[in-house]
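One structure is given here, and the rest of the page talks about it.
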2 protein chains.
Amino acid sequence: MTDPADLLRKHGLPITAQRLGVLRAVAARPHATADAIAEDVRSGIGSISRQAVYNALGMLAGKGLIRRIQPSGSAALYEDRVGDNHHHLICRTCGTTADVDCAVGKAPCLSASNNAGFRIDEAEVIYWGTCPDCLTKA
Amino acid sequence: MTDPADLLRKHGLPITAQRLGVLRAVAARPHATADAIAEDVRSGIGSISRQAVYNALGMLAGKGLIRRIQPSGSAALYEDRVGDNHHHLICRTCGTTADVDCAVGKAPCLSASNNAGFRIDEAEVIYWGTCPDCLTKA
DNA sequence: ACAAACTCTTGACTTGATCCAGTATTATGT
DNA sequence: ACATAATACTGGATCAAGTCAAGAGTTTGT
């Protein structure tokens, strides 16, 4: 099983209550902001500082254990679904975020028609639109 | 010809020195931040307030005259290349931004495999990697 | 030229995120 | 277990990007 503590150990990270809390919160609430995660962790282990949250999120994202997405005009979101190539749908009206699998296959978005000499290591795709709820309301 | 003043008039926007300056700056420096644009306009017409810059950029982006891209971890960038479907390459090391045409055709990125009931109106693609300069330096 | 509508300026403010120094916790070797 | 070195956490200050609001200044249409 993928015990959170083991997960941290495998990546050479010291195990702290804060990191475990952050990991749990990210798993429990996909597409949450750093602030929402801090709230969640607080309700679990009592308290955590904003810096510890950013610190943990940054480190986990760096190790590839969680993924960070940053939509225009709002705070960064974090999710624990990594390793597959999926993208995001964001509602312009209410901000709801949904996962969407890549349209063309496994990891195709990494191929641009002309890479201008860049070495590309990631493609980030955000689809903007209106979610079903906001469509019916309008 | 696409005289900037005519462009504004055609969209029902009053013509002001600030807006013309912003248009010129966006055309002159693709992928510039709001701050860089303000600097550029200042060197052209003497002075402009931050508010007027954001105001003009927001209005022009709303009318579709310019495009706004917001990479993770940096300020929003603006460019005047609109109407075609192109995406962006950003260097993780130095932040250089380059244009890249869409890999698959005219406007294909609008089709996700499963839209979850959303009505999609735009697809935003950012390729992350390392630019040629930073590659040779490393 | 005049009035109405709109825009610009100024300054304070909000939010997301980071930096820093000091304290507390974790991991490691005995 | 225990001591020690390394690492992480706390709290406060700080920064940067954007936004809000009120009054002064332009632009447009008649």
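Naming: A, B, ... by sequence-line order, numbering from 1 per chain.
- Side-chain atoms of A/Ser49 lie closest to D/dC9 of the nucleotides D/dC9, D/dA8, D/dT27.
- The distance from atom CG of A/Asp35 to atom P of C/dT18 is 13 Å, rounded to the nearest whole Å.
- You'll find a donor-acceptor pair under 3.5 Å spanning the side chain of A/Gln51 and the base of D/dG12, going by distance alone.
- Under the 3.5 Å distance criterion, with hydrogens and angles disregarded, a donor-acceptor pair is assigned to the side chains of B/His31 and B/Asp99.
- The separation between B/Arg42 atom CZ and C/dC8 atom P is 14 Å, rounded to whole Å.
- Between B/Ala76 and A/Arg19, the residue whose closest nucleotide on DNA chain D is further toward the 5' end is A/Arg19.
- Using a 4.0 Å heavy-atom cutoff across all strands shown, B/Ala17 reaches no nucleic acid atom at all.
- Nucleotide C/dC6 holds its P atom 18 Å from the NE2 atom of B/His11, rounded to whole Å.
- Residue B/Thr16 has a polar side-chain atom (N or O) positioned under 4.0 Å from OP1 or OP2 of C/dC8.
- A/Arg29 places no side-chain N or O within 3.5 Å of a backbone atom of A/Arg24 that could act as its donor or acceptor partner.
- Rounded to an integer number of Å, the gap from CZ of B/Arg9 to P of D/dT28 is 7 Å.
- Closest approach of B/Glu122 and A/Arg92 over heavy atoms only: OE1-NH2, 2.9 Å.
- The residue among A/Ser47 and A/Pro14 whose nearest nucleotide of DNA chain D lies closer to the 5′ end is A/Pro14.
- In B/Arg81, the CZ atom is crowded: over 12 heavy atoms of neighbouring residues, nucleotides or ligands sit closer than 6.0 Å.
- In this structure, A/Asn55 places its CG atom 17 Å from P of C/dT25, rounding to the nearest Å.
- The separation between A/Glu39 atom CD and C/dG16 atom P is 12 Å, rounded to whole Å.
- A sub-4.0 Å separation between OP1 or OP2 of D/dG18 and a side-chain N or O of B/Tyr54 is present.
- Among D/dA8, D/dG18, C/dA17, the nucleotide with an atom closest to any side-chain atom of A/Ala75 is C/dA17.
- Between A/Leu20 atom CG and D/dC9 atom C1' there is a gap of 14 Å when expressed in whole angstrom units.
- Nearest to the side-chain atoms of B/Ile48 among the listed nucleotides C/dT7, C/dT9, D/dG18 stands C/dT9.
- Note on A/Arg50: a base of the nucleic acid sits closer than 4.0 angstrom, heavy atoms only.
- Atom CD1 of A/Ile15 is separated from atom P of C/dT25 by 16 Å (rounded to the nearest Å).
- OP1 or OP2 of D/dT10 lies within a sub-4.0 Å distance of a side-chain N or O belonging to A/Gln18.
- An OP1 or OP2 oxygen of C/dG16 is reached within less than 4.0 angstrom by no side-chain nitrogen or oxygen of A/Ser74.
- Remark: the backbone N or O of B/Ile48 is paired with a side-chain donor or acceptor of B/Arg42 at under 3.5 angstrom.
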